[in-house]
2 protein chains.
Amino acid sequence: MRPNCDESIECPCPPVGLIDVVGKKWAMCVVTLLGRNGAVRFGPIQRCLSAVSPATLTSTLRALEHEGLVRRVPLADAGTTHSAYQLTVTGDALYRCLLPLASWLRRS
Amino acid sequence: MRPNCDESIECPCPPVGLIDVVGKKWAMCVVTLLGRNGAVRFGPIQRCLSAVSPATLTSTLRALEHEGLVRRVPLADAGTTHSAYQLTVTGDALYRCLLPLASWLRRS
DNA sequence: CGGAATCCCATACGATACTG
DNA sequence: CAGTATCGTATGGGATTCCG
């Protein structure tokens with residue numbers, strides 16, 4: 001997976017891994033969402049993101065959890081099931097790195 | 001495709017489009033590579049990026065061209081076919097936005 | 001050298017239905 | 001509410017081959 005630089009030109013390399021981490025369709029969207037709002041529950045996230053299918057959202061959240069970017073917070077709340085998701089310290093660092101990128105996208 | 005915010009939480013939205021632009025496996029890698037090295041020819045790019053298949057690299061470059069991030073520069077060079085790729089002004093702006101992200105990836 | 005054409009496969013994603 | 005289970009499809013991407 002890693003580029004092997006046999007050329008005199010400089011080879012960046014890192015960005016390849018970035019795609020694996022945040023290349024999922026909704027991953028950066030979720031990170032940005034949580035970065036702005038702190039802990040958010042499953043339902044609101046889903047409704048906010050174009051009503052992404054629950055299966056896809058679950059997959060995205062699990063991936064982000066696995067990368068240590070997001071933490072799941074169960075909320076013991078009188079009978080019904082509740083839980084929320086929030087960024088870890090690492091996830092928040094990534095979020096701040098994404099800010100210039102987000103503003104670049106809003107260009108033009 | 002666009003998230004529709006029916007919640008009180010803040011909805012970022014832009015990052016969804018980002019995936020379409022730079023979410024391709026090698027897109028950001030190419031942007032970073034060109035950002036560091038200026039104009040680079042097809043062969044060196046390919047060899048530098050883990051020998052990515054020519055079909056995939058072509059697809060990536062065409063997508064970046066279509067987004068106005070990369071420009072193809074034909075080099076009329078004595079018989080044989082030569083060409084190089086370099087970032088446009090917009091592409092360079094994106095490249096600079098990617099820098100913090102790239103350093104984040106090199107963490108740990 | 002710089003691609004284009006073709007084939008093939010893995011899988012990400014969406015839609016839907018269902019459960020504790 | 002917060003997911004899980006299935007299914008079907010689209011497509012990104014690798015390998016290979018061939019061409020000007």
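Predicted model, so just to flag it, every value in this text is computed and none were measured. To find a chain, count down the sequence lines: A is the first, B the second, and so on, and within it residues start at 1.
- Nearest heavy atom pair, residue B:Ser50 against residue B:Trp26, reads CB-CH2, 4.2 Å.
- Looking at B:Leu101 and A:Leu94, their side chains come closer than 4.5 Å, going by heavy atoms from C-beta outward.
- Applying the salt bridge (Lys or Arg N to Asp or Glu O under 4.0 Å) test to A:Arg62 and every residue at least two apart in sequence or in another chain returns A:Glu65.
- For C:dT11, neither phosphate oxygen OP1 nor OP2 lies less than 4.0 angstrom from any side-chain nitrogen or oxygen of A:Lys24.
- Here the P atom of nucleotide C:dA12 and the NZ atom of A:Lys25 are 14 Å apart, to the nearest Å.
- The nucleotide range of DNA chain D contacted by chain A, defined by atoms under 4.0 angstrom from heavy atoms of the protein and reported 5' to 3', is D:dC1 to D:dA5.
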Nucleotides 15-20 of chain C: protein proximity per nucleotide (B base, S sugar-phosphate only, - neither; heavy atom, under 4.0 Å): B----B
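- For the pair A:Thr88 (side chain) and A:Gly68 (backbone), a donor-acceptor distance under 3.5 Å is present.
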For the pair A:Leu75 and A:Arg41, evaluate side-chain contact (heavy atoms from CB on, under 4.5 Å) and give the outcome as yes or no after the intermediate values. CA-CA 10 Å; A:Leu75 306 175; A:Arg41 285 181 297 114; 4.3 Å; yes
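- Residues A:His82 and A:Phe42 fail the side-chain proximity criterion, which asks for heavy atoms closer than 4.5 Å.
- Residues from residues 57-66 of chain A placing a heavy atom under 4.0 Å of any atom in DNA chain D, listed by number, are A:Thr58, A:Arg62.
- The side-chain heavy atoms of A:Leu34 and A:Gln86, taken from C-beta on, include no pair separated by under 4.5 Å.
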Which string of ( ) [ ] | and . matches DNA chain C, if you list each base 5' to 3' and count Watson-Crick or G-U pairs only when both distances are under 3.5 Å? ||||||||||||||||||||
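- Of the residues listed (B:Leu33, B:Val31, B:Val30, B:Thr32), the one engaging B:Leu87 in a side chain to side chain contact (heavy atoms under 4.5 Å, CB included) is B:Val31, and it is the only one.
- Partners of A:Ser83 under the side chain to side chain contact (heavy atoms under 4.5 Å, CB included) rule, at least two apart in sequence or in another chain, are A:Arg72, A:Tyr85.
- Remark: B:Thr56 engages B:Ser53 in a side chain to side chain donor-acceptor pair (under 3.5 Å) (not counting sequence neighbours).
- The only option from A:Thr60, A:Ile45, A:Thr58, A:Leu57 that meets the side chain to side chain contact (heavy atoms under 4.5 Å, CB included) definition with A:Val52 turns out to be A:Leu57.
- The side chain to side chain donor-acceptor pair (under 3.5 Å) test applied to B:Arg96 returns B:Asp92, not counting sequence neighbours.
- Annotation: side chain to side chain donor-acceptor pair (under 3.5 Å) contacts of B:Ser59 (sequence neighbours excluded): B:Lys24.
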